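As the structure is a prediction and not an experimental result, all values here were calculated from the model. Naming: A, B, ... by sequence-line order, numbering from 1 per chain.
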Protein chains: 2
Amino acid sequence: MSKAQPVTADSSDAGRSPAPKERRSKADQVYDDVKETILSGRLDPGAAIDKIEICDRLGVSRFPVTTAINRLAFERLVVIEPQHGSFVARISAHDIREYMLVRRALESEIAGEAAGRLSDGERLELSRNLRYQKAAASAKDMPGFYALDVAFHRIIVRSLDLSHASGILEGLRAHLERVRRMLLTPPGRLPKTCAEHAAVADAIVAGDKAKAREAMRAHLEQTTKLFETFVRERPDMFST
Amino acid sequence: MSKAQPVTADSSDAGRSPAPKERRSKADQVYDDVKETILSGRLDPGAAIDKIEICDRLGVSRFPVTTAINRLAFERLVVIEPQHGSFVARISAHDIREYMLVRRALESEIAGEAAGRLSDGERLELSRNLRYQKAAASAKDMPGFYALDVAFHRIIVRSLDLSHASGILEGLRAHLERVRRMLLTPPGRLPKTCAEHAAVADAIVAGDKAKAREAMRAHLEQTTKLFETFVRERPDMFST
DNA sequence: GTCTAGCGTCTGGCATGCTAGCGGCGGGGG
DNA sequence: CCCCCGCCGCTAGCATGCCAGACGCTAGAC
């Protein structure tokens, strides 16, 4: 019933602090919100996205919502069927295979590039991360280990200044995050994963580009294989 | 020079056949138009994009234009400065290096994956393409050779069914296309490029994954080196 | 002469009303 | 009873009007 008008104190900022925050557009906020909703699994793959509900919930008009959905469609987290509706992208085994291939390609190339280029601070960070990984593996602390795993890969990527590649990898991570939940890693794999990470780190610190590439490829190929066995066990969880 | 990806039937006889209606939105049209304008160089890097002019020229409202510009900003061909303006992205040597890294990563991984998987038809296409390349190299037909070069890489990528990776590579090609114009390949390189392509094709046909990866990496590393020498010669042509 | 403050203009961001096309559902005919 | 067809409601797409912020220019003060 709000008659258009500026989004001043009462309509949009209801109960919100006058944050001197970063200059984030409303489209950005909607984008983050919807993406989080999808990744958390609160919206199942294939579910219809109700734009109006989003408008009401976030107190914005349809414009920023459309912009955000378009962005999500661009990175294939949602599919838009013209004049019909917007839906959360289904998880297809074929697509996941492809995302894993792209990740394998990028991360191995980046590992090779990072070889010998790491600063002392990053080396320390890497070795500390590995120590923590071993500790988490011993304690069978899966969530902790996962966080360290993600951090490990991020340290390497961030060591170079690759905004575009980082963006692609973050996009991939969004997709792969959706399958990780089902992909319960067998407990016995943790030490192996640790060893693979250590091999990658060693090659990078030693400055051996080819070896770093291959170590990272080998590591990520393990993940791919894990996925393939899972697909054979539960083919029902994927489309096409 | 071919268009984007959709492999659907082209609009050969519009207005005659009723069924294959053009399902392209206006935003898509604007996207293609502006992208083509940027890639052709009619809009210099750093130039301001006049949305109103686009609206008038294409006879659409600001909405599809904004949508298209947003998409182009997403793939970094334009940068949007909020409340100030939209500009054609400048060409920075650092970014180009990164794009080349990503391309190297993806294409080499894909070459490895394609090894042994090519159909007979694709093998024939590849060998025919190589024959033509040799002919174009002998005749010093640079434009023809370039077209064949692009086609060569496309055959390999298309042999697998990788829509996401293809999309990324097409996006990269858009950026790299902008520098290719300045990057006048020394005439002596054509036979070498041919040989590199042949090595890639041989490894793929032989089904040797590691060899195919390495051959493709080596090939694309040559391109990177060519770029680096050019940057040293003409650092003025790049920003930052 | 120089620096600064204020205003004008230009741009992107947002709200909202309207249109066209797809799908589902119910009614009518076979 | 079943199938087909047309109507209705839904959605994305589009047009348009308004708002707020960022530059730039100019005029006024020091």
Using side chain to side chain donor-acceptor pair (under 3.5 Å) as the criterion, list what pairs up with A/Arg213, not counting sequence neighbours.
none

Sorted by first residue and then second, give each salt bridge (Lys or Arg N to Asp or Glu O under 4.0 Å) pair with at least one member in residues 79-102 of chain A; sequence neighbours left out.
A/Arg97-A/Glu228

Output all residues satisfying side chain to side chain donor-acceptor pair (under 3.5 Å) with A/Glu53, sequence neighbours left out; order by chain, then residue number.
A/Arg57

Protein-to-nucleotide contact annotation, 5' to 3' order, nucleotides 10-17 of chain D [B base; S sugar-phosphate only; - none; under 4.0 Å, heavy atom]
-BBBBBBB

Qualifying salt bridge (Lys or Arg N to Asp or Glu O under 4.0 Å) pairs, either residue in residues 163-174 of chain A, two or more places apart:
A/Arg154-A/Glu170, A/Glu170-A/Arg173

Residues 155-166 of chain A side chain polar contacts: donor-acceptor under 3.5 Å, at least two apart:
unit_1   : atom_1 : unit_2   : atom_2 : d
A/Ser159 : OG     : A/Ile156 : O      : 2.6
A/Ser163 : OG     : B/Arg76  : NH1    : 3.3
A/Ser166 : OG     : A/Leu162 : O      : 2.4

